[in-house]
Protein chains: 2
Amino acid sequence: MRAQTATAADETGRLKGRIRQRQESAMLKAAEKVFARAGFQGATMAEIADLAGVPKATLHYYFGSKEELYRAVLDNILDLWLAETESITVDADPATALTTYVQAKMRLSARRPDASRVFANEIVHGATHIGEYLRTELRRTVEARAAVIDQWAAEGRILPVDATHLFFTIWAATQTYADFENQVCAVLGKPRLSVSDHQRATAHVLTVVLRTCGLPCVSGQPRPVSPSPANTTH
Amino acid sequence: MRAQTATAADETGRLKGRIRQRQESAMLKAAEKVFARAGFQGATMAEIADLAGVPKATLHYYFGSKEELYRAVLDNILDLWLAETESITVDADPATALTTYVQAKMRLSARRPDASRVFANEIVHGATHIGEYLRTELRRTVEARAAVIDQWAAEGRILPVDATHLFFTIWAATQTYADFENQVCAVLGKPRLSVSDHQRATAHVLTVVLRTCGLPCVSGQPRPVSPSPANTTH
DNA sequence: TCTGAAACTGACCATCTGGTCAGGTTTTTG
DNA sequence: CAAAAACCTGACCAGATGGTCAGTTTCAGA
């Protein structure tokens, strides 16, 4: 089910032509943007083709149908999603591991907001295309990592916490800066999120997660309780 | 811009007929469900009409266009959104106030998931219809409540925290149980969220928010999400 | 250079969908 | 109770959209 852009091998195992590789990635990029902006049904093949700078028929030459193109975009995205949890292991330092994970998630929201939006859209609208992935791979991954967090708690290295739901909260809190960027911007009164906005958001989410686990902030200045410069201005 | 189903008055100030009132609400209910499931573009007037049990032409008789129907659904929802923040005042007990607010948000996710999904969809896809609302009403509300939280922090009643971003986190953490219900269910390995799942989720989110603010959990047992008549009630 | 394969595309089509409207029925009102 | 207003709807239409295809161009390898 997973796209194989990394190895660029098609079903027969042969390498894809250079041209095909380059074109495909351009189309996937355009498709991601359009699907993010309009959803599956709202996106049109014509718009995607325009953005990719090719005729519509060419898009159909590469991806047989809109459905197929959508799945390709989705597969491309799922690879991003599962990664990043490796930092969470029993032997790791909880504060460091969680910080690394949250930062990775925030980085993803900042760098690939369209990917996050396509993913969000897919789930809101019933997850018909990735339900299987959620029920198998994602579930297994979460169970494994939740077990680690439970272990940390059992050893008294963090406060007891519902590990599975903690993941839901981390995903929600981080992805909101991509999926709901418009709302965040509107409330902050800015046209878009700057780098420092993202830094502040990251610091905040880290605060939430670490305090939830009863851990002090790791990176930057150690300031578990004292007022932080990040929180003061408004 | 706000729909006036509460007063049932049209633009001229006259009361709407009984028939119109009943029909309209049936159509809005159907529309909310379909828009939630398929998004604005993906929803079809025919499907909404079918679900409402009326011919398509009747739907157009009540709501001139798809756009108009969508705005009506949205307006209906926005009223839900701004409420619930009254509990957050300078004089209130922080723990109690935050608990009340989070519980209210969780209740909304449990009882009106479709409303939440329509809202989510609208924002993900650019917030073209409610951008003004976000930039004005919502922003003002958040600024006011954030000031309260800052005040609490200044008085040492809670730990310092980025108040505005705290709202983003609360919204994200609570609405994820509506918007991303599919993902949550998939990871939990359940076909849908039970009442006890919602209780557990509420307890978790409360833990996150209260620990973030350095507060103890109030009333040992968080108030349960009252048994929801599902998405049915309006 | 030649040749087959891959890449490409303009033109076209079937279908779906939002929207209209003329004419009918029911409800309200004077 | 009659007229007016509100309500309702089958049938229809124009435009948009996903998808097709036959024919052309470009590329890679012998």
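In what follows, every chain begins at residue 1, and chains take the letters A, B, ... in the order their sequences are listed.
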Roughly, in whole Å, what's the span from CD in A/E68 to P in D/dT20?
11 Å
Expressed as a whole number of angstroms, how long is the span from B/H60:NE2 to C/dT17:C1'?
9 Å
Quick one: label B/A43 by what it contacts on the DNA or RNA (base, sugar-phosphate, nothing), any heavy atom closer than 4.0 Å.
sugar-phosphate
Below the 4.0 Å mark, does C/dA7 have OP1 or OP2 next to a side-chain nitrogen or oxygen of A/Y61?
yes
Short side-chain donor-acceptor distance under 3.5 Å, B/D179 and B/T176:
no
Report the distance from atom CZ of B/F40 to atom P of C/dT17, rounded to the nearest whole Å.
14 Å
Checking contacts here: which listed nucleotide (C/dG19, D/dT20, D/dT17) is nearest the side-chain heavy atoms of A/T44?
D/dT17
Under a 3.5 Å cutoff, is there a donor and acceptor pairing between the side chains of A/N121 and B/H125?
yes
Between P of C/dG18 and CG of B/D50, the distance in whole Å:
12 Å
Return a single string for nucleotides 24-30 of chain C, one symbol per nucleotide in 5' to 3' order, where B is base contact, S is sugar-phosphate-only contact and - is none, cutoff 4.0 angstrom on heavy atoms.
---SS--
B/R117 and salt bridge (charged side-chain N to carboxylate O under 4.0 Å, His left out): which single residue from B/E122, B/E181, B/E32 fits?
B/E181
Interatomic distance where CZ belongs to A/F63 and P belongs to C/dA7 [whole Å]
12 Å
Within this structure, what is the CZ-to-C1' distance between A/R22 and D/dT26, rounded to whole angstrom?
13 Å
Using a cut-off of strictly less than 4.0 Å between a heavy atom of the residue and any atom of DNA chain D, enumerate the qualifying residues of residues 51-59 of chain A by number.
A/K56, A/A57
Check the distance between D/dG18's P and B/Q41's CD and give it to me in whole angstrom.
11 Å
Side-chain atoms of B/Y62 come closest, of C/dT17, D/dC8, D/dG18, to D/dC8
Residue of the set A/W81, A/Y133, A/F35, A/Y70 for which ring pair (Phe, Tyr, Trp, His ring centres under 6.0 Å) holds with A/F119
A/W81
Begin from the C-alpha positions of B/I48 and B/K56 and carry the test side-chain contact (heavy atoms from CB on, under 4.5 Å) through to its verdict.
CA-CA 8 Å; B/I48 294 171; B/K56 196 180 61 158; over 6 Å; no
Looking at A/R135 and A/E132, is there a salt bridge between them, counting it only when a charged N and a carboxylate O are closer than 4.0 Å?
yes
Taking only N and O in the side chain of B/R20, is any of them less than 4.0 Å away from OP1 or OP2 of D/dA6?
no
How about A/H165 and B/Y177: are their ring centroids closer than 6.0 Å?
yes
Would you say C/dC8 has OP1 or OP2 under 4.0 Å from some side-chain N or O of A/Q23?
yes
Walk me through whether A/L28 and A/L69 qualify under side-chain contact (heavy atoms from CB on, under 4.5 Å).
CA-CA 8 Å; A/L28 283 173; A/L69 173 58; 4.1 Å; yes
Would the distance check show the side chain of B/T174 and the main-chain N or O of B/W171 forming a donor-acceptor pair, the cut-off being under 3.5 Å?
yes
Would you mind reading off the distance between B/I48 atom CD1 and C/dT17 atom C1', rounded to a whole angstrom?
12 Å
Of all the heavy-atom pairs spanning A/V148 and A/I88, show the shortest one and how long it is.
CG1-CG2, 3.8 Å
Closest to the B/K66 side chain: C/dG18, C/dA6, D/dT9?
C/dG18
